[in-house]
Amino acid sequence: MNRSSELFTRAKDVLPGGVNSPVRAFRAVGGTPFFVARAEGARLTDADGTSYLDYVCSWGPLILGHAHPAVLEAVRSAAARGWSYGAPCEAEVELAEAVRRRMPSLEMLRFVNSGTEATMAAVRLARAATGRELILKFDGCYHGHADGFLVKAGSGVATLGLPDSPGVPAGLASLTLTAPFNDVAAVEELFRRHPDAIAAVIVEPYVGNVGFIPPDPAFHPALRAACDRHGALLIFDEVMTGFRVAPGGAQQRLGIRPDLTTLGKIVGGGFPVGAYGGRADLMRRIAPEGPVYQAGTLSGNPVAMAAGLATLGETEHAGFYEALEARTQRLVRGLEQAARGRDVPARVGSAGSMWGLYFTERPVRNYADAKTADTALYARVHRALLARGVFFAPSAFEAAFVSSAHTDADIDFTIAQLDAALDEARAH
Ligand SMILES: *Cc1c(COP(=O)(O)O)cnc(C)c1O
């Protein structure tokens, strides 16, 4: 038994499923997760000394790769000055200003400790500001694990939400309406059925939590217009896309100004940070300036703020995003060719350095399309790649990432390994 398996056995005795976040347990692809001992650049090294080229990148935060020297130095120097004050510090102001420079729609913002907290707070604010209770989300979009978001659609577009998880009160789930992504008519129908009752539409502008799904060009302009027409707020959940698909996130790439935006992942550079922000007239309703309560013992943590600042700073070097996007396109094209060369139906897509791969014939525009993907093939390919030193997400339904630590040689190595892995997976 290797060290990772030993640790997993111990872990399962003390942590549910042996993990602190479900997908890490490898249930969707089979096998035993490796336990990480250290990480640097584009590589993870496990407890048995095996290294993997990492396309999970901590599920999004690590746009610079692991243990980037500039971030490490910022974290060290911040920690040496103490790591939690319970009082404001300069780094919070600096990071807030840095975020606003990159995303001007966040006229004011508030830091929290995770993406989940950010979306919870944004929805509370939207309900308070509009005096309405319903929210509209899209099938397959993930907005963290708060009760009201753990809801999927029934069979019809106007079906009221049913809880996805035991423990979510039906009454709460019924406040969440769902529509298929990229389906403007379904959104309009929900607004018609629930006049003056929808507080906000919340959306992942590029879906990244059921694999990667880009929006149709007309989708977000139509959402923006529908929200304005019906007095609802538009919330862009940019926890994944923020500082990832463009310097100013999806809202810059798409040319849409949301009322509220939620951030996480890159904004903390791999430390536990989330943020929500937007129109100043809305944000001024947050306590203590206004009556909408939201707080956090560790919010604005000086070490985490330093990591976020250093990470954003590195991405401001000239050509950073262009180089990253070019490298991602090299990967995506290579993977597409590898699949085509073996007659494996595959749909590969990307925006900036966020990308995804589905083994399906069908163009993927929404969750229902995504579900046609061959998950058994993905699981075999995942295992074959892992054996060849490449770590893809341990689920067919997750977006993947390229970091600035990935080199062209890493990309070409990955394409060659996918070539071989497809052969092995099909021979199976
Ligand atoms: C990761 C993610 C979240 C949740 O963030 P946590 O920090 O895991 O709570 C919310 N929304 C989107 C779009 C995400 O990708």
Side-chain angles (χ1 to χ4, degrees), residues 57 60-64 94-109 111 115 118-119 122 138 141 143 181-182 200-209 212-225 227-228 233-269 273-280 282-283 308-309 311-329 332 349-356 399 401-404:
C57 297
L62 300 179
I63 193 165
L64 308 177
E94 282 188 8
L95 186 56
E97 288 171 349
V99 168
R100 186 172 61 181
R101 271 196 303 278
R102 298 271 288 263
M103 291 187 178
S105 81
L106 284 85
E107 295 164 358
M108 298 183 86
L109 58 148
F111 289 112
T119 55
F138 295 91
C141 279
H143 303 293
F181 190 73
N182 275 326
V201 173
I202 184 166
V203 64
E204 285 184 75
Y206 290 79
V207 181
N209 283 287
F212 172 79
I213 309 177
D216 296 343
F219 182 56
H220 289 297
L223 278 190
R224 178 69 275 181
C227 284
D228 291 343
L233 300 179
L234 178 62
I235 305 175
F236 263 24
D237 181 357
E238 296 227 44
V239 171
M240 187 181 288
T241 55
F243 313 115
R244 170 63 72 180
V245 301
Q251 51 198 272
Q252 181 184 43
R253 200 175 169 104
L254 297 165
I256 297 288
R257 193 174 175 104
D259 301 294
L260 292 171
T261 297
T262 53
L263 296 171
K265 300 194 170 122
I266 291 174
V267 77
V273 180
Y276 64 101
R279 280 166 39 195
L282 297 172
M283 292 304 291
L309 266 171
T311 299
L312 288 191
E314 288 300 305
T315 66
E316 273 156 27
H317 293 311
F320 178 91
Y321 281 92
E322 291 79 359
L324 207 47
E325 178 144 12
R327 208 160 292 146
T328 306
Q329 281 169 1
V332 161
S350 69
S353 53
M354 174 178 170
W355 62 275
F401 307 97
V402 171
S403 79
S404 58

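Just so you know, these numbers use all the heavy atoms, side chains as well, and skip hydrogens, waters and symmetry mates.
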TODO: To the nearest 0.5 Å, tell me how far Met240 CE sits from Cys141 SG.
DONE: 10.5 Å
Task: Nearest heavy-atom neighbours spanning Phe111 and Leu95 - done: CZ-CG, 3.5 Å
Task: pair Phe181-Ile213: side-chain heavy atoms closer than 4.5 Å - done: yes
Open item on the list: For Ala275 versus Leu109, what's the shortest heavy-atom pair and its separation?
Closed with: CB-CD1, 4.2 Å
Open item on the list: Is a donor from one side chain sitting under 3.5 angstrom from an acceptor on the other, for Glu325 and Thr328?
Closed with: no
- [ ] Using a 4.5 Å cut-off on heavy atoms from C-beta on, say whether the side chain of Val273 contacts that of Leu263.
- [x] no
Open item on the list: Could you check whether atom CZ of Arg100 has more than 12 heavy atoms from other residues, nucleotides or ligands sitting under 6.0 Å from it?
Closed with: no
Open item on the list: So which atom in Arg102 and which in Leu312 form the shortest heavy-atom distance, rounded to 0.1 Å?
Closed with: NH1-O, 3.5 Å
Open item on the list: Is any side-chain heavy atom of Glu97 closer than 4.5 Å to one of Arg101?
Closed with: yes
TODO: In sequence, state the C-alpha distance, the side-chain angles, and the governing distance for Thr241 and Phe236, and then conclude on side-chain contact (heavy atoms from CB on, under 4.5 Å).
DONE: CA-CA 10 Å; Thr241 55; Phe236 263 24; over 6 Å; no
Task: Distance, nearest 0.5 Å, that separates CG of Leu64 from OG1 of Thr315 - done: 7.0 Å
Open item on the list: Using 30° and 60° as the class boundaries, would you call the ring planes of Tyr206 and Phe212 parallel, tilted or perpendicular?
Closed with: parallel
Open item on the list: Quick check: do Phe243 and Thr311 have side-chain heavy atoms less than 4.5 Å from each other?
Closed with: no
Task: Gap between atom CE of Met283 and atom CG of Leu106 - 0.5 Å precision - done: 8.0 Å
- [ ] For Val402 and Leu324, work out which heavy atoms get closest and say how close.
- [x] O-CD1, 3.9 Å
Task: Pairwise side-chain contact, Ile256 with Pro205, heavy-atom cut-off 4.5 Å (strictly under) - done: no
- [ ] Report yes if some heavy atom in the side chain of Arg279 is under 4.5 Å from a heavy atom in the side chain of Leu233; otherwise report no.
- [x] yes
Task: Any donor-acceptor pair under 3.5 Å from Asp237 side chain to Glu204 backbone - done: no
TODO: For Gln251 and Pro258, work out which heavy atoms get closest and say how close.
DONE: OE1-CD, 3.6 Å
- [ ] Calculate, to the nearest 0.5 Å, the distance between atoms CD1 and OH belonging to Ile235 and Tyr276 respectively.
- [x] 11.5 Å
Task: Straight-line distance of Met103 CE to Glu238 CD, nearest 0.5 Å - done: 4.5 Å
Task: side-chain contact (heavy atoms from CB on, under 4.5 Å) between His220 and Val203, worked out - done: CA-CA 9 Å; His220 289 297; Val203 64; 3.9 Å; yes
TODO: Identify the heavy atoms of Leu309 and Glu94 that sit nearest to each other, and give their distance.
DONE: CD1-OE1, 3.4 Å
- [ ] Determine whether Phe138 and Leu223 make a side-chain contact, defined as any pair of heavy atoms from C-beta on separated by less than 4.5 Å.
- [x] yes
- [ ] To the nearest 0.5 angstrom, please state how far the OG atom of Ser403 sits from the CZ atom of Arg327.
- [x] 8.5 Å
Task: Heavy-atom side-chain proximity of Val201 to Cys227 below 4.5 angstrom - done: yes
Open item on the list: Please determine whether a side-chain nitrogen of the Lys or Arg among Glu107 and Arg257 lies less than 4.0 Å from a carboxylate oxygen of the Asp or Glu.
Closed with: yes
